[in-house]
2 protein chains.
Amino acid sequence: MNAADAPRPRMTRQRREILDALDLSEFRSAQAWHERLRSEGSTIGLATVYRALQSLAESGEVDAVVAESGETLYRRCEAGEEHHHHLRCRVCGKAVEIDVPDFEAFAAAIGREHGYGDILHTIELTGVCPECAARAGA
Amino acid sequence: MNAADAPRPRMTRQRREILDALDLSEFRSAQAWHERLRSEGSTIGLATVYRALQSLAESGEVDAVVAESGETLYRRCEAGEEHHHHLRCRVCGKAVEIDVPDFEAFAAAIGREHGYGDILHTIELTGVCPECAARAGA
DNA sequence: CGCCTTATCGACAATGATTATCAATTGCAG
DNA sequence: CTGCAATTGATAATCATTGTCGATAAGGCG
Ligand SMILES: [Zn+2]
Ligand SMILES: [Zn+2]
Ligand SMILES: [Zn+2]
Ligand SMILES: [Zn+2]
């Protein structure tokens, strides 16, 4: 509707720290990111981490997924823009981005077929990555 | 692994009430089902509703989905057994069951391709049903 | 039909993730 | 440099869900 929606947030020390930390390519909860930052010496507050991650998720700079437990997991989004989905390790959080050919069109078609509009979709694959499988199989 | 996993739960008044209430074909949270039951005159406890819904979900008698907010929604499952997915109205909760042809195979293939094992998948479509769209468009 | 064992209840406390408060800071426009 | 609104962070408040535990009652048995 309105493209002038983004009142660019201020570049604070905290925001910079979060952006840096997010280089790691693993899905982690807000609390987990906070712990990591503190363990690296940061004094950033938990609430700030929550706020930043939410704002970044809204603006599409990070991916957010809701785990089965209900907690929200975040990680830096590789493809700056395009819509995509993930295959994530349930154990260590490592994830790869996948594409699901034709699914966008399929979703829209299903919606139309049932008279539903404004369709959103969620596709998440989870599994156990090779490393974690090996460690567990020991 | 073990087929003798189900120590058939006792048929209590509370369980009956829940099973009855679930006839409605809408996704509702545990708390919402509890409220409805109480409003119908039941004296059932909240914890009991949570326990029953979870147990029913595990045994596959009800569908459970995790909403974006993180809360878990339940409803009676129409297809007694088979694996399937839903298109749910974000406003009123009304849902239809859909099937995503070949997705099971696709998911397994993606997993194999990346070395991930024990793949699970989530597909949920949400939209706005015709009634709710009309009401909103008013 | 009564009895007894034990699953199930339910009121209430406890947890854990997320959000709201609000005074103290601090980007940053002017 | 100034001034002020945006941002921070310690902490309290929410909210969904789970744990506790004495009371209750399903249901197998005699
Ligand atoms: Zn892993
Ligand atoms: Zn998609
Ligand atoms: Zn279903
Ligand atoms: Zn609707």
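Just so we're on the same page: letters track the sequence lines, and every chain starts at 1.
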The side chain of B:Ala47 lies closest to which of these nucleotides: C:dG10, D:dA6, C:dT18?
C:dG10
Using the side-chain heavy atoms of A:Tyr50, tell me which of these nucleotides is nearest: D:dA10, C:dG10, C:dT18.
C:dT18
Which whole-number value in Å describes the distance from B:Arg16 CZ to D:dA25 C1'?
12 Å
So what does B:Arg51 hit on the nucleic acid, given a heavy-atom distance under 4.0 Å: a base, only sugar-phosphate, or nothing?
base
Given atom CD of A:Glu35 and atom P of C:dT18, what is their separation to the nearest angstrom?
13 Å
Is a salt bridge present between B:Asp118 and A:Arg90, judged by a nitrogen-to-oxygen distance below 4.0 Å?
yes
Euclidean distance, atom CG of residue A:Leu19 to atom C1' of D:dT7 [Å, nearest integer]
15 Å
Please determine whether a side-chain nitrogen of the Lys or Arg among B:Arg135 and B:Glu131 lies less than 4.0 Å from a carboxylate oxygen of the Asp or Glu.
no
Expressed in angstrom and rounded to an integer, what is the separation of B:Arg8 atom CZ from D:dG27 atom P?
12 Å
Using the side-chain heavy atoms of A:Thr72, tell me which of these nucleotides is nearest: D:dT8, C:dC9, C:dT18.
C:dT18
Does this structure show an ion pair linking A:Glu26 with A:Arg76, if we count only N-O contacts that are shorter than 4.0 Å?
no
Of B:Leu73 and B:Arg13, whose nearest nucleotide on DNA chain D comes first from the 5' end?
B:Leu73
B:Gln54 CD to D:dT18 P, in whole Å, measures 4 Å
Take the protein atom CG of A:Leu46 and the nucleotide atom C1' of C:dT21, then report the distance between them rounded to whole Å.
15 Å
Please tell me which of A:Thr12 and B:Glu71 maps to the more 5' nucleotide of DNA chain D, matching each residue to the nucleotide holding its nearest heavy atom.
A:Thr12
Step-by-step side chain to side chain donor-acceptor pair (under 3.5 Å) determination, B:Ser29 to B:Gln31:
CA-CA 5 Å; B:Ser29 67; B:Gln31 312 222 42; over 6 Å; no
Rounded to the nearest Å, what distance is computed from the NE2 atom of residue B:His34 to the P atom of nucleotide D:dT17?
13 Å
Between C1' of C:dT18 and OH of A:Tyr74, the distance in whole Å
9 Å
NA contact type, A:Ser29, heavy-atom cut-off 4.0 Å: base, sugar-phosphate, or nothing?
nothing
Could you check whether A:Ser69 gets within reach of a base, just the sugar-phosphate, or nothing at all, counting any heavy atom under 4.0 Å?
nothing
Given side chains that start at C-beta, do those of A:Arg28 and A:Tyr74 come closer than 4.5 Å, heavy atoms only?
no
Closest approach to the side chain of B:Arg10, judged atom by atom: which nucleotide of C:dC28, C:dT8, D:dG9 is it?
C:dT8
Which nucleotide in C:dA20, D:dT8, C:dC9 has an atom nearest any side-chain atom of B:Gln14
C:dC9
